[in-house]
Amino acid sequence: MIYHNAYIYRKDRRFEYGSFSVREGRFAPAEDALGEEKVDLRGSFVIPGLVDIHTHGCAGADFSDGDLEGLRRMGDYYARHGITAFAPSSVTLPYEKLEKAFDTAVSYRASRRSNAARLPGIHMEGPFFSEKKKGAQNGAFLKLPDYEAFRRLNAGCGGLIRIVDVAAELEGAADFAEKAAGDCTVSIAHTDADYEAACAVFDAGARHLTHLFNAMPPIHHRAPGVIGAASEREKVAAELICDGLHVHPSAVRMAFRLFPGRICLISDSLRCCGMPDGRYTLGGQEVFLKGRIPRLADGTIAGSATNLYDCMLLAIAFGIPREEALAAATILPARQIGAEEELGSIEAGKRADFVICDGSLRRKAVYMGGVRV
């Protein structure tokens with residue numbers, strides 16, 4: 001199948017007028033599709049499906065529930081909204097509950113419906129966090145970094161954990177990062193670390209920073225902290241929740257300057273994403289959604305109720321160049337979970353997951369493996 005008369009987002013981060021082809025569920029070289037059926041896209045814009053590497057839930061479901069049908073609802077919701085791959089994120093819970101949730105990810109991959117979002121990996125957020133910066137994580141289940149526990153969980157799900165989080169100031173954090181970096185991406189998160197402690201963990205192997213600005217000390221000219229340590233290391237990428245609530249638009253623009261070409265837009269969405277205002281749960285705690293803001297009973301902001309596609313559109317509305325925001329929601333997050341050979345850009349050989357949209361990137365149609373969702 002050849003799709004033509006379109007502006008296509010290319011891997012060099014620009015739109016190019018032309019055509020692309022799909023064969024057997026993957027993008028194919030144009031010359032391989034000569035003589036095949038053509039689809040006129042009438043000047044539409046075509047972008048890769050988005051990749052959300054930090055999302056807990058949506059559509060009333062939460063990954064940490066360990067419920068396969070709930071995870072399937074999540075995958076269906078994401079695909080409909082142009083998010084064609086996701087790394088479901090756990091929360092701070094006992095190991096046995098994490099194991100159950102991770103088992104559902106394995107089952108989802110084995111039985112994924114063709115029109116549902118792909119699951120290339122798991123983001124293990126917690127339990128190796130600081131009490132002071134736990135945010136909406138359940139403090140009853142916090143633990144010190146434990147590589148052997150992580151290794152057992154990862155082995156149990158066939159190595160599906162692609163990001164694991166750790167607070168840099170905790171005892172054993174640098175040793176944990178050095179060992180776990182051989183298995184997946186290590187991220188500093190929910191941390192009260194100073195600059196020196198953060199540097200030690202980055203130097204040990206961490207190359208990711210979970211939800212920049214949130215659940216960490218603010219940057220200060222005499223105490224640059226984890227943000228300063230991360231920004232000056234070119235191999236470290238930073239997540240950013242761009243829902244218009246977690247981070248001020250000015251700080252969004254600042255983030256893209258502090259981390260040029262290294263921002264991964266995320267949703268950090270909860271089960272209340274796509275749902276009406278009301279009472280929900282997160283890690284055994286009640287969450288109250290009102291006016292797009294989910295909070296714990298004590299007022300702590302608890303994740304977001306905004307999906308990644310809308311976060312990307314908000315980033316553009318805040319002044320981030322369209323092409324830069326697209327990279328932050330596609331190829332860069334795919335790279336951080338080791339999935340860039342399959343996902344994140346429109347290139348021959350990759351999965352033909354793409355979104356047809358207008359010049360403002362408003363969705364017209366979503367395709368998974370070359371088939372319309």
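Residue indices begin at 1 and follow the sequence shown.
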With no hydrogens and no angle check, is any side-chain donor or acceptor of [X] less than 3.5 Å from a backbone partner on [Y]?
| X | Y | answer |
| --- | --- | --- |
| Arg253 | Phe318 | yes |
| Tyr9 | Glu323 | yes |
| Thr191 | Ala193 | yes |
| Arg109 | Leu119 | yes |
| Asp277 | Gly291 | yes |
| Arg26 | Gly349 | yes |
| His220 | Arg222 | yes |
| Asp192 | Lys133 | no |
| Glu125 | Val91 | no |
| Asp358 | Ser360 | yes |

What distance do [X] atom [atom1] and [Y] atom [atom2] have between them, rounded to the nearest 0.5 Å?
| X | Y | atom1 | atom2 | value |
| --- | --- | --- | --- | --- |
| Ile47 | Cys357 | CD1 | SG | 4.5 Å |
| Leu245 | Leu314 | CG | CG | 8.5 Å |
| Thr210 | Ile241 | OG1 | CD1 | 9.5 Å |
| His56 | Cys272 | NE2 | SG | 11.0 Å |
| Asp52 | Thr330 | CG | OG1 | 12.5 Å |
| Tyr77 | Met275 | OH | CE | 10.5 Å |

Over all heavy atoms of both residues, which pair between [X] and [Y] is shortest? Give the atoms and the distance, please.
| X | Y | value |
| --- | --- | --- |
| His54 | Ser267 | O-OG, 3.5 Å |
| Ile356 | Tyr367 | CD1-CE1, 3.5 Å |
| Val166 | Ala173 | CG2-CB, 4.1 Å |
| Leu296 | Ala302 | CD2-CB, 4.1 Å |
| Ala168 | Ala197 | CB-O, 4.0 Å |
| Ser90 | Phe63 | N-CD2, 3.8 Å |

Under a plain distance cut-off of 3.5 Å, with no hydrogens placed, do [Y] and [X] share a side-chain donor-acceptor pair?
| X | Y | value |
| --- | --- | --- |
| Ser269 | Thr55 | yes |
| Asp165 | His190 | no |
| Gln285 | Tyr280 | no |
| Arg72 | Ser111 | yes |
| Ser64 | Lys97 | no |
| Asn5 | Asp40 | yes |

Quick check: do [X] and [Y] have side-chain heavy atoms less than 4.5 Å from each other?
| X | Y | answer |
| --- | --- | --- |
| Thr281 | Asp62 | no |
| Met312 | Leu361 | yes |
| Phe141 | Phe129 | no |
| Glu99 | Cys157 | no |
| Glu148 | Phe150 | no |
| Asp76 | Arg73 | no |
| Ser231 | Phe259 | yes |
| Leu258 | Ile227 | yes |

Q | Partner of Gln336 by side-chain contact (heavy atoms from CB on, under 4.5 Å), out of Arg162, Glu239, His123, Arg207 | A |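 Single side-chain contact (heavy atoms from CB on, under 4.5 Å) partner of Gln336 among Arg162, Glu239, His123, Arg207: Arg207.
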
Q: Please check if the distance between the ring centroids of Phe354 and Tyr3 is under 6.0 Å.
A: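 Phe354 vs Tyr3: aromatic centres under 6.0 Å.
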
Q. Do His211 and His246 have ring centres separated by under 6.0 Å?
A.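 No.
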
**Q.** Row check, Tyr95 ring normal vs Lys143 NZ/CZ: under 6.0 Å, within 45°
**A.**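 Relative to the ring axis of Tyr95, which defines the angle, Lys143 lies inside both limits.
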
Q | Cation-pi check, Arg351 onto Phe27 ring (under 6.0 Å, within 45° of axis) | A |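 Not flagged: Arg351 not positioned over aromatic ring of Phe27.
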
Q) What do the steps show when you test Lys350 against Glu342 for salt bridge (Lys or Arg N to Asp or Glu O under 4.0 Å), and what is the final call? A) CA-CA 5 Å; Lys350 291 192 176 186; Glu342 287 278 295; over 6 Å; no

Q.
With salt bridge (Lys or Arg N to Asp or Glu O under 4.0 Å) as the criterion, how do Arg118 and Asp353 come out once you've worked through the C-alpha distance, each side chain's angles and the decisive distance to 0.1 Å?
A. CA-CA 10 Å; Arg118 303 182 195 280; Asp353 303 337; 2.7 Å; yes

**Q.** Derivation and outcome, side chain to side chain contact (heavy atoms under 4.5 Å, CB included), residues Met368 and Arg112
**A.** CA-CA 12 Å; Met368 292 289 311; Arg112 183 186 67 86; 3.9 Å; yes

Q. Looking at Arg233 and Asp203, does any basic side-chain N land under 4.0 Å from a carboxylate oxygen?
A.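 Asp203 and Arg233: salt-bridged.
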
Q.
Taking the basic N atoms (NZ, or NE/NH1/NH2) and the acidic carboxylate oxygens, is any pair closer than 4.0 Å for Lys100 and Asp65?
A.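 Answer for the salt bridge query: no.
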
Please tell me whether [X] and [Y] are part of a single hydrophobic cluster in this structure, the criterion being side-chain heavy atoms less than 4.5 Å apart.
| X | Y | value |
| --- | --- | --- |
| Phe20 | Leu50 | no |
| Ile219 | Val252 | yes |
| Ile83 | Met74 | yes |
| Val201 | Tyr147 | yes |
| Val236 | Val164 | yes |

Q: Give the C-alpha distance, both sets of side-chain angles, the deciding distance and a yes or no for side chain to side chain contact (heavy atoms under 4.5 Å, CB included) between Val287 and Leu270.
A: CA-CA 9 Å; Val287 171; Leu270 308 184; 4.2 Å; yes

Q: Any chance you could lay out the side chain to side chain contact (heavy atoms under 4.5 Å, CB included) test for Val247 and Asn214, step after step, and finish with the verdict?
A: CA-CA 8 Å; Val247 180; Asn214 295 114; 3.8 Å; yes

Q | Step-by-step side chain to side chain contact (heavy atoms under 4.5 Å, CB included) determination, Ile331 to Glu340 | A | CA-CA 6 Å; Ile331 189 61; Glu340 70 272 27; 4.0 Å; yes

For [X], I'd like to know if atom [atom1] has over 12 heavy atoms of other residues, nucleotides or ligands within 6.0 Å.
| X | atom1 | value |
| --- | --- | --- |
| Glu16 | CD | yes |
| Arg362 | CZ | no |
| Glu96 | CD | yes |

